[in-house]
Chemist: 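Dropping a structure here in structure tokens format, bear with me for questions.
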2 protein chains.
Amino acid sequence: MKKDLDQEQAAYIIDVCASANLRTVSGSLTQLYNHLLKPTGLKITQYYMLGNIYTSPDISISKLGEIMLLDQTTVTRNLNILNDSGYVQIKRAEQDSRTKVVTITELGYEKLNDATPIWIRVQEEIEGSIGKAEYMGLLEKLDALQNVIDNFKSSST
Amino acid sequence: MKKDLDQEQAAYIIDVCASANLRTVSGSLTQLYNHLLKPTGLKITQYYMLGNIYTSPDISISKLGEIMLLDQTTVTRNLNILNDSGYVQIKRAEQDSRTKVVTITELGYEKLNDATPIWIRVQEEIEGSIGKAEYMGLLEKLDALQNVIDNFKSSST
DNA sequence: ACTGTATGTATGTATATACATGTATTGGTA
DNA sequence: TACCAATACATGTATATACATACATACAGT
């Protein structure tokens, strides 16, 4: 005898679902950043990717995917957009011509600098409003959740 | 004299960025769910939307967007996919022919029931691993963050 | 040197998402 | 009543994302 989902149970699921809660907040914050970043022409995802490239010069596409936890194909496509805007340079590695290495351009670096004050403003608003310690606690919890997810993924291999 | 971003500062930003941290965890969890849900043919976003529709029968497209914190155009497009699969029914409201109301179909309800055990399994793994109380704390922090974001948005109007 | 496998990247396809804008319908007001 | 503003939805366009798969190059073993 199968017990089917009633509306109350469904409402509970909607309410506590980790995926939905994360996606919703993440989406709202992305929207806020993109709105404020509009004058710079960057999106927050692009800002973040540029920051990673600046921090790890001559990184390969795959490595970039690994540190950003993105699929390689996603990195390829997002990089193409940055490349078309002239924010990054992509060239084949000399030792291994399969590999491509990415570097930020002068223009890309300028964009990064343009956008950073906006990033700081939002981040300070967040840390100021919910409290620095609380915010760090949130990051820790997110980290713990990430570990649970990673373990779950590797256990179901 | 302008102070430009150095790599160490960029690394810090990458590390603590609220948007990036949320997006990354959210993405990983979405991937895990979608992988496990594959046999059902549903994605976690679709499961979540179906759940909302089941919980609020005859809801309008706009209202659905409001409760899910999604743009109306996003709802329209996601609903079309569910509609093509036969999981929802969309018809014009009788009082106001601008409005469309959405209802879950029998088939959609079956899908919802197929997917729920998988949702439960992941959710229990999460709550079990990081602890129920810790998890509730995480939801509270996410809620607090959502409020900060909402306030920021309305203040910049 | 040849061959098969592993590795790095790209492409086809599909979903998720938002913004700007267009279209249709409703409802209030002169 | 005729018109205008507000409301509800759809469409064009762009980005973000992943999976399945193809392609190209490197490398190891014979």
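A note on names: the letters A, B, ... follow the listed sequences, proteins ahead of strands, and every chain is numbered from 1. This structure is a prediction, so every number in the text was calculated from the model and none was measured.
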Chemist: Please determine, for the side chain of B:T45, which listed nucleotide (C:dT9, C:dT17, D:dT25) has the closest atom?
Modeler: C:dT17
Chemist: Do B:E66 and B:S62 have side-chain N/O donor and acceptor atoms under 3.5 Å apart?
Modeler: no
Chemist: In whole Å, what is the span from the CG atom of A:N34 to the P atom of D:dT13?
Modeler: 21 Å
Chemist: In whole angstrom, give the distance that lies between atom CG of A:N83 and atom P of C:dT9.
Modeler: 14 Å
Chemist: Please step through side chain to side chain contact (heavy atoms under 4.5 Å, CB included) for the pair A:L22 and B:T30, ending with a clear verdict.
Modeler: CA-CA 10 Å; A:L22 285 168; B:T30 296; over 6 Å; no
Chemist: Rounded to the Å, how far apart are B:I61 CD1 and D:dT7 P?
Modeler: 17 Å
Chemist: Touch check for B:T30, heavy atoms < 4.0 angstrom, all strands: base, sugar-phosphate only, or nothing?
Modeler: nothing
Chemist: Quick check: on DNA chain D, is the nucleotide nearest A:I44 upstream (toward 5') of the one nearest A:E94, or the reverse? Name the residue that is more 5'.
Modeler: A:I44
Chemist: Check each residue of residues 71-79 of chain B for a non-hydrogen atom within less than 4.0 Å of any atom in DNA chain D, then write out the ones that pass by number, or none.
Modeler: B:Q72, B:T73, B:T76, B:R77
Chemist: Measure the shortest side-chain to side-chain distance between A:S28 and B:L69 over non-hydrogen atoms and say whether it is less than 4.5 angstrom.
Modeler: yes
Chemist: Measure across A:D6 and A:E8 and return the closest heavy-atom pair with its distance rounded to 0.1 Å.
Modeler: OD1-N, 3.0 Å
Chemist: I want to check one thing: is the phosphate of D:dC19, taken as OP1 and OP2, less than 4.0 Å away from some side-chain N or O of B:Q31?
Modeler: yes
Chemist: With distance as the sole criterion, do the side chain of A:R98 and the base of C:dT9 form a donor-acceptor contact below 3.5 Å?
Modeler: no
Chemist: Between B:K43 and D:dA18, does any side-chain N or O lie under 4.0 Å from OP1 or OP2?
Modeler: no
Chemist: According to a strict under-4.0 Å criterion, is B:S62 in side-chain N/O contact with OP1 or OP2 of D:dC9?
Modeler: yes
Chemist: Mind checking B:K38 for me? I need base, sugar-phosphate or nothing, with any heavy atom below 4.0 Å counting as a touch.
Modeler: sugar-phosphate
Chemist: Taking only side-chain N and O atoms of B:S97, does any of them lie within less than 4.0 angstrom of OP1 or OP2 on D:dA8?
Modeler: no
Chemist: Do B:Q72 and B:T76 meet the criterion of a side-chain donor-acceptor pair at a distance under 3.5 Å?
Modeler: yes
Chemist: Below 4.5 Å, heavy atoms only, C-beta onward: do B:R23 and A:I44 meet side chain to side chain?
Modeler: yes
Chemist: If the cut-off is 4.0 Å, is A:K63 near the phosphate of C:dG8, judged by side-chain N/O to OP1 or OP2?
Modeler: no
